[in-house]
Every structure is written in structure tokens, then in C-alpha cells.
Amino acid sequence: MKKIAFVTGGSRGIGLGIAQHLASKGFDLAINGVREESAVEEVLMALRALGAEVIYCQGDIASASARTAMLAKIKEHFGWLNVLVNNAGIAPKVRNDILEATEESFDEVLNTNLKGTYFLTQAVANWMVEQKHETPDFEGSIITISSVSATVASVNRGEYCVAKAGLGMMTQLFAARLGEFNIPVYEVRPGIIKTDMTSGVTAKYDKLIAEGLTVQARWGYPDDIGKAVAAIAEGAFPYSTGQVFVIDGGLTLARL
Ligand code: NDP
């Protein structure tokens with residue numbers, strides 16, 4: 001039986017990098033995003049060309065009804081789910097100093113990046129526990145893409161950092177709770193990755209990287225994250241639940 005992975009925000013950027021590697025490793029996929037299916041049809045076709053059966057689950061992860069509908073669609077189509085990859089996320093619309101940033105932006109970022117992810121994880125965790133009861137050899141895992149921003153303070157996007165730090169505790173909580181069911185839960189912390197999210201700050205990061213911000217003097221790519229997540233999803237780290245995988249080219253390596 002093929003394993004099914006649900007990748008939120010899986011039609012571009014880091015999520016697509018993850019979806020490509022999972023498809024290549026033999027997973028079938030449910031891909032989520034907020035855009036209409038017609039806008040991502042080519043991406044879905046390309047993933048299918050890698051050998052995966054792929055469905056699209058359009059919906060805002062911050063919406064409870066959308067989360068319910070997406071999981072119902074996966075259940076109806078595939079019948080089960082082995083891997084949840086919490087990847088969807090947003091940056092603040094405007095990078096504002098924390099002395100001025102608005103509650104509106106805080107709510108928007110926290111609702112999507114933390115609350116939406118938290119309750120999607122809760123719903124999937126309950127479904128995985130059910131599957132484990134029905135089929136004792138069921139294998140499930142949950143992987144959340146947070147960020148180096150979980151520990152690196154950027155004072156012009158505090159709401160983003162707070163949300164990503166929250167995902168760190170979320171991972172530990174669900175890892176602790178799901179231990180008895182042997183469902184491991186992991187956190188992946190990317191550094192600076194070339195995607196649409198960082199396209200507006202390309203010049204800034206080009207300069208910082210050239211000046212030595214990272215030990216490995218280059219941008220990270222969705223492929224770097226995809227490789228790692230596929231290894232985790234395949235079960236390469238069965239005795240590491242609750243742990244953090246940092247994929248940042250040495251950005252967080254303290255140097256003197
Ligand atoms: P992109 O902006 O390139 O892509 C974001 C994806 O998330 C899109 O597929 C988008 O859907 C989806 N998405 C956004 N909001 C929602 C929502 N409310 N509900 C469902 N889907 C949503 O981002 P990246 O690929 O750069 O980032 C992916 C993740 O990695 C994010 O969580 C981000 O915080 C994190 N990250 C990124 C880093 C970077 O340097 N780029 C570094 C560290 C972490 P659609 O395509 O339909 O618009």
C-alpha cells in the first residue's frame with residue numbers, strides 16, 4: 001500500500017520541493033494551497049509525472065471548516081494518511097519594527113502560521129490515532145516546517161518569529177502526546193531559502209550571505225529542504241521524535 005502525504009502549501013516554494021522529493025520516493029500526495037486548482041494544474045501534472053497520485057485540497061489552513069473539508073477529501077479519496085507536512089505559512093505583509101507593528105498583522109500571522117497549523121495537527125493526530133487502532137502496523141508521522149526565526153530574533157517581523165517559536169513547542173507537545181501511539185513528530189528549521197516569500201528581500205540576503213552570514217556561502221533551495229523532509233518521512237529517524245532538524249547552511253552556528 002502506498003503511503004499518503006499531505007503537504008500544506010505544496011504547490012510552490014519549499015512545499016513544492018518537499019512534494020517533489022516525496023513523489024520521487026513513492027508517496028502519493030494531497031497538496032494544499034489557497035489558490036484555485038486551475039492555477040496549480042501544471043504543478044500537479046508535473047508531480048504526477050514523477051509517479052505519484054496527486055489530489056489538490058484548496059483551503060485556508062486558518063479556517064476550521066476548510067481544515068475539516070480538506071481532511072474529508074483526503075479520507076474519501078485515499079482512505080488514509082501517513083504523513084502530515086505542515087509547510088504553509090505567510091510572512092507579515094509589511095516588515096514593521098516591533099515598536100510599531102500592528103495587532104492586525106500579529107493576528108493574521110499567528111492565525112495562519114501557528115493556530116491553523118496547531119489545529120490541523122490536532123485533527124490529523126486524532127485521525128492517525130484512529131488509524132493506528134484500526135490497523136496496528138499503521139505508520140504515521142508529522143513534520144512541521146518552522147524556521148530559524150524560532151530562535152533568531154528579527155525585530156522587524158516579531159509576529160513571524162513568535163509564531164515559529166510557538167511551532168517549536170507545538171512539535172514537542174504533539175511528540176509527547178503521540179509517543180504512546182508510536183507516531184513521531186518532528187520540526188524542520190530552514191534558514192534563508194530562495195522562494196517567492198524571500199523574493200522581496202533578495203538584495204538584502206545576497207549581501208548578508210556574501211558577507212558571511214551563513215557558513216555555506218549560498219542561498220538554500222526548496223530542494224535542500226525537500227531532501228531532508230523526504231528522508232524523515234521515509235522513516236530514517238525513527239528514534240528522534242520531538243527533535244529539530246536545522247537546515248540553514250550554518251546560519252545559526254555561533255562563531256567567534
Ligand atoms: P511561499 O510564499 O513561497 O509559499 C507559501 C505556500 O503556502 C504557498 O503554496 C501558499 O499557497 C501556501 N499558503 C499560504 N498561506 C496559506 C493558507 N492560509 N492556507 C493554506 N496555504 C497557504 O513560502 P515558502 O515556500 O518560502 O515557505 C514555506 C514555509 O517555510 C513557510 O511556513 C515559511 O514560513 C517557511 N520558511 C521559509 C523560509 C524562506 O526563506 N523562504 C525560511 C524558513 C522557513 P498558494 O500557493 O495557494 O498561494
Side-chain angles (χ1 to χ4, degrees), residues 6-20 29-44 47 56-71 84-93 95 107-121 143-152 154 157 159-168 170-171 187-202 204-206 208-209 213-214 218-226 228-229 244-249 251-252:
F6 180 29
V7 185
T8 64
S11 68
R12 62 192 170 104
I14 291 174
L16 177 57
I18 294 168
Q20 286 165 337
L29 298 171
I31 299 293
N32 148 266
V34 287
R35 287 179 293 167
E36 294 288 336
E37 181 155 358
S38 55
V40 299
E41 196 51 55
E42 272 181 32
V43 176
L44 302 182
L47 289 171
Y56 186 65
C57 300
Q58 187 201 5
D60 177 353
I61 57 159
S63 152
S65 58
R67 291 191 298 267
T68 304
M70 291 190 283
L71 294 185
L84 168 65
V85 182
N86 284 314
N87 164 79
I90 54 171
K93 284 200 180 83
R95 290 188 174 206
D107 286 345
E108 189 186 8
V109 171
L110 271 285
N111 276 339
T112 302
N113 292 6
L114 184 57
K115 188 177 168 191
T117 303
Y118 187 97
F119 285 101
L120 179 63
T121 301
I143 303 163
T144 297
I145 311 305
S146 65
S147 168
V148 290
S149 299
T151 60
V152 177
S154 295
R157 49 193 178 112
E159 59 277 65
Y160 184 82
C161 296
V162 167
K164 293 300 187 181
L167 291 177
M170 183 198 87
T171 296
E187 179 186 353
V188 170
R189 285 187 189 161
I192 298 171
I193 312 296
K194 210 161 192 91
T195 68
D196 293 340
M197 186 179 277
T198 46
S199 61
V201 282
T202 303
K204 174 188 167 177
Y205 285 141
D206 279 348
L208 288 172
I209 291 168
L213 177 69
T214 50
R218 67 163 175 89
W219 283 75
Y221 295 100
D223 195 57
D224 293 308
I225 312 302
V229 171
V244 180
F245 294 78
V246 181
I247 303 168
D248 69 351
L251 186 152
T252 53

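All values below were derived from every heavy atom in this structure, side-chain atoms included, with hydrogens, water molecules and symmetry-related copies excluded. Every number for a ligand or one of its atoms is a count from 1 in the order of the listing. If you're wondering where the values come from, they're calculated on a predicted model, not measured in any experiment.
Residues forming a side chain to side chain contact (heavy atoms under 4.5 Å, CB included) with Leu208 (at least two apart in sequence, or on another chain): Lys204, Tyr205, Glu211, Leu213. Residues forming a side chain to side chain contact (heavy atoms under 4.5 Å, CB included) with Leu110 (at least two apart in sequence, or on another chain): Phe106, Leu114, Glu159, Val162, Ala163. Qualifying side chain to side chain contact (heavy atoms under 4.5 Å, CB included) partners for Asp60, counting only residues two or more places apart in sequence or in other chains: Val34, Ala62, Ser63.
Around ligand 1 you find Gly9, Ser11, Arg12, Gly13, Ile14, Asn32, Gly33, Val34, Arg35, Gly59, Asp60, Ile61, Asn87, Ala88, Gly89, Ile90, Thr112, Ile145, Ser146, Ser147, Tyr160, Lys164, Pro190, Gly191, Ile192, Ile193, Thr195, Asp196, Met197, Thr198, each with a heavy-atom distance below 4.0 Å.
The only member of Thr198, Thr195, Asp206 that meets side-chain hydrogen bond (donor to acceptor under 3.5 Å, both in side chains) when paired with Trp219 is Asp206.
For the residue pair Thr144/Asn86, the side-chain donor-acceptor check at 3.5 Å is satisfied.
Residues Pro222 and Leu16 form no side-chain contact, since every pair of their non-hydrogen atoms from C-beta on lies 4.5 Å or further apart.
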